[in-house]
Amino acid sequence: MALFLVRRLLSAIPVLLVVSLMTFLIMWLVPGDVSAEIGGTDATAEQIAQIRAQLGIDRPILERALSWYGNLFQGDLGYSYLLGRSVVDAVLERLPVTLSLTALALVFATIIGTLLGILAAVRHNSWLDQTAMVAALVGLSIPDFWFGIVLIILFGVSLGWLPTGGFVPITEDVWGWARTMALPAFTLAITQMGVIARMTRSSMLDVLNQDYIRTARAKGMRGPTVIFKHALRNAMVPIITVVGVTTGVLLSGAVVIEQVFSLPGVGRLIIGSIQRRDFPVIQGGLLVTACVFVFVNIVVDMLYGVFDPRVRDDR
Amino acid sequence: MHHRVTALIRLIAVSGVATVAAMAPAGAALAQQMGGELIVVQGSNPPSLDAMNTSSGASRNINMNVYETLYGFNENVEPIPILAEGVDISEDGLTYVFTLRQGVKFHNGDEMMASDVKASMERYRKVGATGTLLEPVANIEVTGDYEVTFTMKAPTPTFLEAFSSPRAPAVIIPEEDGAAEPGKTSLVGTGPYKITEYVPDSHVTIEKFADYSQDMDHEGMDGFGGKKTAYLDTVTFRIIPEPGAQVAALEAGEVHILEAIPAPAARRLEGNADIEIQENLQWAFGTLILNVNEAPTDNVKFREAVQVALNMEEIVGIAAEGVFELNHGWTYPNSIYNVGDIGANYYNQGDVERAKALLAEAGYNGEEFSILTDNSIPFHGRSAVVIAEQLKAAGINAVINQVDWPTALNLRMQDTGWNGWTLTMGIEPYLGPAAIVSTLTGARPHFVKNDPVLDGLYQELIAGATPEARKETFAKIQEQLYTYFGIIKLGDTGQLQATRSNVKGFKTFRFPRVYDVWLEN
């Protein structure tokens with residue numbers, strides 16, 4: 001297991017290198033830089049040149065790249081041009097928001113999606129199956145920014161049950177955190193619920209038709225035991241794969257949700273930095289997001305082993 | 001006789017005002033309530049709370065409740081003392097002696113002294129976003145505990161006006177922060193509220209400053225100065241980027257003031273008794289800047305054709321969603337510099353035939369007229385679409401190049417590759433003629449290539465000793481702008497703000513003033 005972990009961690013290095021290199025190249029190709037934000041519309045060409053020189057963004061791309069990687073290997077992601085703080089601080093203070101939003105959305109999507117899928121598989125071809133699958137398809141097709149606004153109007157404005165936006169750290173007030181995170185997490189989860197429900201249904205249908213399930217039922221085992229202990233466990237490998245992919249999708253979907261629900265997360269930080277061309281924050285923010293993504297994938301790979309001993313033995 | 005009658009009327013009026021004023025405090029004290037927490041919403045994160053270092057409106061909204069300047073503008077955009085008692089200007093215009101108000105406390109408890117002012121001004125010169133406004137000043141000396149003397153390089157009649165600018169205000173901060181790098185001060189000011197919390201992309205909280213020393217020379221607040229009273233315990237500026245979510249938060253009663261509300265939402269809420277809409281029609285000038293360095297806009301006849309082809313009512317009406325006023329002038333109508341009808345015969349013509357005749361005169365051959373615009377400021381993109389359609393109707397091959405804001409700013413700095421650029425000017429028209437004209441002159445005017453006539457008139461404008469002299473020059477400037485056609489005035493655009501109806505005392509202004517504002521019940 002330890003060897004597997006080391007191997008996976010080592011293979012993550014080229015991935016992160018490519019991500020950071022791509023970011024560097026894209027930001028280099030995009031016209032405009034932070035001098036426009038600092039100088040404003042009335043800045044003269046000399047003032048713009050002076051700002052660029054002060055920040056070092058007038059240096060050749062290769063020189064900037066080498067100095068950035070040099071600092072990276074010392075654990076320094078640079079200093080934001082506009083936020084008055086280091087990139088590490090800026091990202092770290094927002095990371096809990098994005099991670100807790102993604103985690104809660106993942107819990108919603110996995111629990112509701114799996115249950116819907118099981119229900120549809122067990123009551124195959126019934127009205128329950130049809131309804132669950134239509135609900136999954138609707139969830140899959142709804143644009144999340146629109147659904148978010150609808151939920152805000154319904155639960156925030158009309159019913160007044162939940163706040164319309166904002167964020168309360170869990171360390172300050174657990175109930176306040178739950179109230180501010182409920183709507184954004186549910187909105188973020190809704191599309192992925194559909195994906196997980198459909199995957200669970202098809203995976204469960206395969207398993208439910210196997211001989212050992214028939215045997216278990218013939219032995220007189222109770223329905224829930226057969227479904228959750230025998231069938232679901234064996235149907236889990238494809239579901240986990242989808243959940244792993246889902247985590248990545250949720251992380252990127254958080255960008256839109258943070259904007260709609262005014263959550264101060266990494267997504268909003270990166271979007272704001274792109275709009276202002278705050279290069280160090282864009283690069284640092286994307287690198288940290290890529291790290292989280294890679295970490296999630298490693299965890300998913302390890303989970304395969306938990307549910308399927310054959311995978312574990314192969315390692 | 002006439003003078004005596006006038007004096008009598010004035011006496012009666014003054015005694016009447018005095019009687020009302022003597023009666024007013026009891027009633028006013030009853031109406032205004034202390035305490036409470038106010039929540040103001042704005043769409044953008046303040047890039048910095050170091051007031052002198054940023055000209056961002058999102059920062060100014062917060063900072064102007066926290067920091068103060070020696071001089072600032074009153075309601076009529078005239079310089080008035082705020083942290084200063086006044087200024088003595090020598091007859092030769094070379095010495096400005098500022099006397100400071102005594103007993104003014106910083107948020108850290110220290111008293112503001114002349115050494116703080118000198119340190120603030122020296123820092124402003126180095127890191128101020130508009131530090132060039134101190135360029136006419138040769139030397140700043142502490143000449144007493146409460147006295148600072150500026151020695152000028154040459155007489156600069158418009159210095160006090162420029163010095164009062166709120167764009168990136170020359171605020172007074174403690175001497176200890178004098179050497180702080182941009183964005184790294186202790187965020188201490190002298191204003192009625194002090195900063196207590198800043199969570200980027202989330203909120204900024206400011207708290208009532210108990211030791212605030214009011215300027216008792218005034219009855220109440222006046223523009224950026226006057227007698228300011230902090231009624232609220234705390235004010236939180238929440239950052240909500242999505243306009244739909246902003247309006248929802250206001251309707252749900254979670255927030256009290258929206259710094260800006262989209263016109264369609266404001267119209268929908270008109271009948272809502274819990275919400276009041278405030279309109280500020282003098283928010284910005286909508287303009288179309290032409291690149292006089294690039295064909296076909298290098299030809300003055302072509303530029304004139306563009307001017308006469310445009311129907312401003314349609315352009316600004318659509319782009320500003322109905323919140324606008326037609327105005328051909330380069331000042332607001334109530335400005336002391338308003339020079340009347342000059343140029344009105346060219347404005348809002350929508351005259352396709354006249355435009356076609358001018359195009360023929362210009363020898364126009366269907367070259368591309370590329371309009372640079374952005375999607376970050378809705379007015380820009382929308383106005384570009386209407387302008388392009390109107391120009392096509394006049395036979396101009398108009399195309400739109402829509403990019404994001406930093407890209408637009410980058411492209412417009414290039415001397416070629418664009419012909420028109422849509423730009424709203426917010427703070428410049430508020431600051432007055434010199435601020436607008438300065439963007440059209442100098443090393444690199446907005447329309448790329450210098451107009452020597454305009455450059456000369458700008459020098460004459462800033463050297464004008466009296467407002468009357470400056471107005472006379474400005475008349476010539478407006479005439480020249482309607483001769484050169486390097487920039488086209490589209491119209492005056494407004495801003496709508498919304499408050500919950502229990503917010504009292506709030507008056508729409510260049511920034512949301514949260515002093516002299518209280519919450520009912």
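Because the structure is predicted, anything quoted here is derived from the model rather than measured. Chain letters run A, B, ... following the sequence lines, proteins first and then strands; every chain starts at 1.
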Does [X] have more than 12 heavy atoms from other residues, nucleotides or ligands lying within 6.0 Å of its [atom1]?
X: Tyr69(A); atom1: OH; result: yes
X: Phe145(A); atom1: CZ; result: no
X: Glu197(B); atom1: CD; result: yes

Evaluation steps, side chain to side chain donor-acceptor pair (under 3.5 Å), between Arg277(A) and Thr407(B): CA-CA 10 Å; Arg277(A) 305 284 194 274; Thr407(B) 308; 2.7 Å; yes

Identify the heavy atoms of [X] and [Y] that sit nearest to each other, and give their distance.
X: Gln259(A); Y: Glu242(B); answer: O-CB, 3.8 Å
X: Leu162(A); Y: Glu254(B); answer: O-OE2, 4.0 Å
X: Ile149(A); Y: Ala245(B); answer: CD1-N, 4.2 Å

Rounded to the nearest 0.5 Å, how far apart are [atom1] of [X] and [atom2] of [Y]?
X: Asn410(B); Y: Ser35(A); atom1: CG; atom2: OG; result: 7.5 Å
X: Glu251(B); Y: Ile153(A); atom1: CD; atom2: CD1; result: 7.5 Å
X: Leu409(B); Y: Ile48(A); atom1: CG; atom2: CD1; result: 7.5 Å

Interchain contact, [X] with chain A, by part (heavy-atom threshold 4.5 Å):
X: Leu423(B); value: side chain
X: Gln246(B); value: neither
X: Ala129(B); value: neither
X: His203(B); value: neither

For chain A, which of [options] has the most heavy-atom pairs under 4.5 Å?
options: Gly183(B), Ala435(B), Pro241(B), Ala252(B); result: Pro241(B)
options: Pro200(B), Gly244(B), Ala248(B), Pro46(B); result: Pro200(B)
options: Arg412(B), Arg444(B), Met425(B); result: Arg412(B)

Which bit of Glu93(A) is near chain B, if near means a heavy-atom gap under 4.5 Å: side chain, backbone, both or neither?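 Only the side chain of Glu93(A) comes within 4.5 Å of chain B.
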
Interchain contact, Ile51(A) with chain B, by part (heavy-atom threshold 4.5 Å):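 Neither part, no heavy atoms under 4.5 Å.
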
Heavy-atom distance under 4.5 Å between the side chains of Arg276(A) and Pro47(B), does that happen here?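 Not in contact.
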
Tell me, out of Gly160(A), Gly156(A), Ser158(A), Pro163(A), who's got the most heavy-atom pairs with chain B below 4.5 Å.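 Of the options given, most contacts go to Pro163(A).
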
Using atom types as modelled and distance alone, determine if a side-chain donor or acceptor of Arg268(A) lies under 3.5 Å from a backbone N or O of Asp201(B).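 At least one qualifying donor-acceptor pair exists.
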
